[in-house]
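Everything on this sheet refers to the single structure shown next.
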Amino acid sequence: MHTTGGRHFLQIPGPTNVPDRVLRAMAAPTIDHRGPEFAELTKAVLPALGPVFGTAGPVVIYPSSGTGAWEAALVNTLSPGDRVLMSETGHFSTLWSELAGRLGLQVEIIPGDWRHGADPTAIGERLAADTAREIKAVCVVHNETSTGVTSRVPDVRAAIDDAGHPALLLVDTISSLASIDYRHDEWRVDVTVAGSQKGLMLPPGLGFNAVSEKALAAAGSAGLPRSYWDWRPIIEANARGFFPSTPATNLLYGLREACTMLAEEGLEHVFARHQRHAAATRAAVRAWGLEVLCADEREHSGALTAVLVPEGLDADAVRRIILEKFDMSLGAGLGKLAGKIFRIGHLGHFNDLTLVGTLGGVQMGLQLAGVPIKPGGVEAALESLREAAA
Ligand code: PLP
């Protein structure tokens, strides 16, 4: 039970804070999803969504969480027993690979240490060795939400091209879309998987697949059973402004407003803002004398920062104190990182002063929890933000 005044600070790396504008847009009567007004909504939302994915092709919207969109990407493009190549970047890549295995795919995993992104060289070498072309898809989590590491998707694309391999490229952008630079068409990604509850600044409840022509062609021969997730009836109905089953009407009102907000700010500015906040957060972490989990300077996430607590201390105790004393939620360490890290979400509806408040709460919480830190973290972040604003 919280006894503080003011707003709760929801600084987990998704779901993120929903802007008042988006909340107001959703607070409208639900309309007939087979009527003309709804068709207008669809015809406004879909074209507004394309630029966010960096695509001129179809974007399929499901009433689902991100996990549903993961499944959709696989069942629409692959057949039982197909081999897929995945990179172990953290908890979410692991969950996706387990899901793929349960669907009857043969999953081959390039192991990782949860501090680096997908290794383009290792992917390229494995594909070059696959002379029988058994690997049908390469799956990469763009921004690994459990670690704060962003994989270099253009380098993965180049590795696939250099190997001359025909595998599809499937990318999870659940915690990067509309926060970290991403280009579905330019990077020739075949399926981009996304969700509503992070960079898009919406509540949970929508899953997305952006689909290339090559992926759509694969859907014609893919043998995994699918019905609800089948892209084709959805794309066909969308052309008329409708969906084959009942859509999440009020979330779509919110999505239309969120796309307007992103267009008003300009995606380039949105990406730059996230990078600025990530850099200021790292400045704070380092000034405290703590370590950022991401171990490659090229791969720091713009969406969140994972912070290692010193050996022998409990990161969950730090989070508990921060929630109790300052009414702020931070992300927990997931899987094998449980208790070892906490994650600061700085994505979505977020600005310089939200970051200052967030880092102020983290600094006080670390001190109250008895983590031995130097006190200058917030000041270092202020300096970083001030330099960027000058
Ligand atoms: N992939 C990534 C990168 C995520 O961060 C998440 C959730 O946080 C998922 C997949 C799973 O999505 P959901 O929990 O919406 O099903």
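Remember, it's 1-based here, ligands and their atoms both numbered in the order they're listed. Predicted model, so just to flag it, every value in this text is computed and none were measured.
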Could you tell me whether [X] and [Y] make a salt bridge, using a distance below 4.0 angstrom between a side-chain N and a carboxylate O?
X      : Y      : result
Asp161 : Arg157 : yes
Glu40  : Arg256 : no
Asp185 : Arg183 : no

| field | From the candidates Ile12, Thr67, Asp172, the one that places a heavy atom nearest atom 11 (C) of ligand 1 | value | Thr67

| Tell me the side-chain hydrogen bond (donor to acceptor under 3.5 Å, both in side chains) pairs involving residues 337-356, sequence neighbours left out? | Arg276-Asp352, His277-Asp352, Thr305-His346, Asn351-Thr354

Out of all atoms in ligand 1, which are within 4.0 Å of some heavy atom of [X]? Include the element for each.
X      : result
Ser65  : 13 (P), 15 (O), 16 (O)
Asn143 : 3 (C)
Gly66  : 12 (O), 13 (P), 15 (O), 16 (O)

| request: For Lys198 and ligand 1, answer yes if some heavy atom of the residue is under 4.0 Å from a ligand atom, otherwise no. | output: yes

| Option from Phe53, Trp187, Phe271 for which ring pair (Phe, Tyr, Trp, His ring centres under 6.0 Å) with Tyr182 holds | Trp187

| For Thr145 and ligand 1, does the shortest N/O to N/O distance drop below 3.5 Å? | yes

| request: Could you tell me whether some N/O pair between Ile174 and ligand 1 is separated by less than 3.5 angstrom? | output: no

| Name the one of Arg319, His8, Gln11 that satisfies side-chain hydrogen bond (donor to acceptor under 3.5 Å, both in side chains) with Ser329? | His8

Does only the side chain of [X] get under 4.0 Å from ligand 1, or the backbone, or both, or neither? Count heavy atoms.
X      : value
Trp70  : side chain
Leu95  : neither
Glu144 : neither

| request: Answer whether the closest heavy-atom distance between the side chains of Leu206 and Tyr62 falls below 4.5 Å. | output: no

| Which word best sums up how the rings of Trp96 and Trp70 line up, parallel for under 30°, tilted for 30 to 60°, or perpendicular for over 60°? | parallel

| query | Can you tell me the protein heavy atom closest to atom 7 (C) of ligand 1 and the distance? | reply | Phe92 CE2, 3.4 Å

